[in-house]
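Every chain is numbered from 1, with letters handed out A, B, ... down the list of sequences. All values below were derived from every heavy atom in this structure, side-chain atoms included, with hydrogens, water molecules and symmetry-related copies excluded.
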Protein chains: 2
Amino acid sequence: MQPDSELMIGEVAALTGLPSKTIRYYEESGIIESARRNDNRYRTYSQIDVQTLRFVAHARSLGFSLKDVGELLSLYRDRNRASKDVRRLALVHLTDLDRRIADLQAMRNTIADLAQRCHGDDRPECPIIEELEGAPNRRKR
Amino acid sequence: MQPDSELMIGEVAALTGLPSKTIRYYEESGIIESARRNDNRYRTYSQIDVQTLRFVAHARSLGFSLKDVGELLSLYRDRNRASKDVRRLALVHLTDLDRRIADLQAMRNTIADLAQRCHGDDRPECPIIEELEGAPNRRKR
DNA sequence: GATGGGGCTTCCAGTAACTGGAAGGTCAAG
DNA sequence: CTTGACCTTCCAGTTACTGGAAGCCCCATC
């Protein structure tokens, strides 16, 4: 119950799950504002800063880019935000995730099929090598 | 029907679907050996080189790392390879793909759920922001 | 008082796999 | 002779960190 307790970066790291290095990196890259410093030039953080960093960590864990996180943060702080702006960001991200999942899934299925058809013994015959050797390559994007 | 025709990098690019820049990059990073040069110091390639680059392109399109592609290439060239070595590489890659797909799928589901519950209008209330604000962050890996 | 151990600081480099761009050489056509 | 389309090398930027070096600050101990 100390509303104005100032934390050092290691404590914030423990509270948010983010490495200290990453917190400094977020500051350096402008995703969060520069931390205040105490007499030792050490960074100090408030509970609000911890909340902000938790927000960032959570958005990152959902796969949003740092650029997106920046926009989400400003929407988060904007009491007059329109939820459609947040939703639009989320939907763009969703589309991107779906595309990436589909790409990986296609690779996965091909690999699984090839691996399943490969004897996996000491002989050289191998459908995986044959596929790589012969099949035309797919276009990306 | 010219078995010893020498191609320039642009032609190889057209034949393999790989940008010239990427072919040079593969050479520089040691994934393929240095191309012979003609009198102008231009790189020249044989049909075998084209085959090798197609192999590389295809392996890359299946998501193998360049390091893996290097190993696959040496297995490809090894007439005494054991198919189990190829298969092992593929299975490790498969595991990695599955993990990445699962990670993305989890994100995707969360985002889809949040976006679906968001009104997406001009009002500020937004379950997406609330989730980022409040929920504990998941551990990666 | 010297020393040791954390934690903090900055700065530099490396990761993966390219991609973009600058500056310049070569060659054939018009 | 100049243009245009190739080719060359080299450097920088991308994404989101992560590792490591060198050095300060503070506290505890011998």
From D/dC25, D/dT18, D/dT8, pick the nucleotide closest to the side chain of B/R37?
D/dT8
What do you reckon, is CZ of B/R37 surrounded by more than 12 foreign heavy atoms closer than 6.0 Å?
yes
Quick one: label A/F64 by what it contacts on the DNA or RNA (base, sugar-phosphate, nothing), any heavy atom closer than 4.0 Å.
nothing
Base, sugar-phosphate, or nothing for B/S65, non-hydrogen atoms under 4.0 angstrom?
sugar-phosphate
OP1 or OP2 of C/dC18 less than 4.0 angstrom from a side-chain nitrogen or oxygen of B/Y26, does that happen here?
yes
At under 4.0 Å between heavy atoms, what does A/R43 touch on the DNA or RNA strands: base, sugar-phosphate, or nothing?
sugar-phosphate
Does B/R36 pair with B/D49 as a salt bridge, N-O distance under 4.0 Å?
yes
Take atom CD of B/E28 and atom C1' of C/dT19, then tell me their distance rounded to the nearest Å.
13 Å
Can you list everything that forms a salt bridge (charged side-chain N to carboxylate O under 4.0 Å, His left out) with A/E71? Sequence neighbours excluded, please.
A/K67
Check whether any side-chain nitrogen or oxygen of A/R60 sits under 4.0 Å from OP1 or OP2 of D/dC17, and answer yes or no.
yes
Is the shortest side-chain N to carboxylate O distance from A/D103 to A/R100 below 4.0 Å?
no
Starting the side chain at C-beta, find the nucleotide from C/dC18, C/dC8, D/dC17 nearest to A/I9.
C/dC8
